[in-house]
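Okay, structure first, notes after.
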Amino acid sequence: MMTRRFIPALLALLLSLGAPMLVYGQDALSAAKTAGQIGERPDGLVGALPDAPAAARALASDINAQRLARYQEIARGNGTALDKVQAVAGEQLVERTPAGQFVMTPAGQWRRK
């Protein structure tokens, strides 16, 4: 169940997702998404597509570590399960993904949006 504090915290999370990545990886993440190497997943993480180069896979791993740390903070601060925070973030991140970039379906298949 979402608390009143959860929604503002999640919105702050989504707005701040880019902040740590601006220091490391935001330009690389945008480029990898545009190149079709990385896409958004419904669990709030990014994934490297099957043919992505090793650098894209490493970038996805780094970005996911940053996101998971932030999701854990939000979950702890709101007494909410981590998977619920990830699900809400994933839904919004997939929704915000521009046309032409890849997203993962709930069934685990990559599709171009």
Side-chain angles (χ1 to χ4, degrees):
M1 180 172 179
M2 287 191 206
T3 65
R4 287 185 179 188
R5 291 183 337 163
F6 179 73
I7 294 172
L10 185 57
L11 291 175
L13 158 78
L14 294 175
L15 293 174
S16 70
L17 275 176
M21 291 182 283
L22 286 174
V23 175
Y24 173 75
Q26 181 61 42
D27 290 336
L29 179 60
S30 294
K33 284 180 169 185
T34 301
Q37 298 171 345
I38 290 179
E40 291 290 344
R41 298 180 351 193
D43 62 358
L45 302 176
V46 293
L49 276 77
D51 294 334
R57 292 180 188 286
L59 176 63
S61 180
D62 290 346
I63 297 300
N64 287 341
Q66 293 174 22
R67 287 186 180 185
L68 274 174
R70 186 67 182 122
Y71 296 159
Q72 289 168 340
E73 288 176 21
I74 291 170
R76 273 193 306 270
N78 290 285
T80 304
L82 176 62
D83 64 334
K84 297 220 183 285
V85 174
Q86 286 185 251
V88 173
E91 181 180 329
Q92 292 186 12
L93 289 165
V94 167
E95 184 178 304
R96 289 186 349 198
T97 297
Q101 292 185 5
F102 283 91
V103 295
M104 183 180 276
T105 68
Q109 301 296 319
W110 288 109
R111 71 168 175 86
R112 194 175 293 270
K113 189 170 177 191

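All values derive from a computational prediction rather than experimental measurement.
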Worked check of side chain to side chain contact (heavy atoms under 4.5 Å, CB included) between Leu68 and Leu45:
CA-CA 8 Å; Leu68 274 174; Leu45 302 176; 3.9 Å; yes

Ser61 side chain to Leu59 main-chain N or O, any donor-acceptor pair under 3.5 Å?
no

Test item: Thr97 side-chain N/O and Leu93 main-chain N/O as donor-acceptor pair under 3.5 Å
yes

Between Gln101 and Thr34 the two heavy atoms that sit nearest each other are NE2-OG1, 3.8 Å

Side chain to side chain contact (heavy atoms under 4.5 Å, CB included) between Arg111 and Lys113, intermediate numbers included
CA-CA 6 Å; Arg111 71 168 175 86; Lys113 189 170 177 191; 4.2 Å; yes

Would you mind reporting whether Gln37 and Pro53 have side-chain heavy atoms less than 4.5 Å apart?
yes

Closest non-hydrogen atoms of Pro42 and Thr105, given as atom of the first, atom of the second and distance, are CG-O, 3.9 Å

Using modelled atom types and a 3.5 Å cut-off, is there a donor and acceptor pairing between side-chain atoms of Arg112 and backbone atoms of Gly100?
yes

So do Ile74 and Thr80 actually touch side chain to side chain, heavy atoms under 4.5 Å?
no

What's the shortest heavy-atom distance between Trp110 and Pro50, and which atoms?
CD1-CD, 3.9 Å

Look at the side-chain heavy atoms of Ile, Leu, Val, Met, Phe, Trp and Tyr, link any pair under 4.5 Å apart, and say whether Met104 and Phe102 land in one connected group.
yes

Contact between Gln72 and Arg70 at the side-chain level, heavy atoms closer than 4.5 Å - yes or no?
no

Do the side chains of Lys33 and Glu40 get close enough for a salt bridge, i.e. N-O under 4.0 angstrom?
yes

Quick one: closest heavy-atom pair of Ala60 and Ala48, and the distance?
CB-N, 4.3 Å

Can you confirm whether Glu91 is buried at CD, in the sense that more than 12 heavy atoms of other residues, nucleotides or ligands lie under 6.0 Å from that atom?
no

Under 3.5 Å: donor-acceptor pair, side chain of Asn64, backbone of Val46:
yes

Is a side-chain N or O of Arg67 found less than 3.5 angstrom from the main chain of Gly44, in a donor-acceptor match?
yes

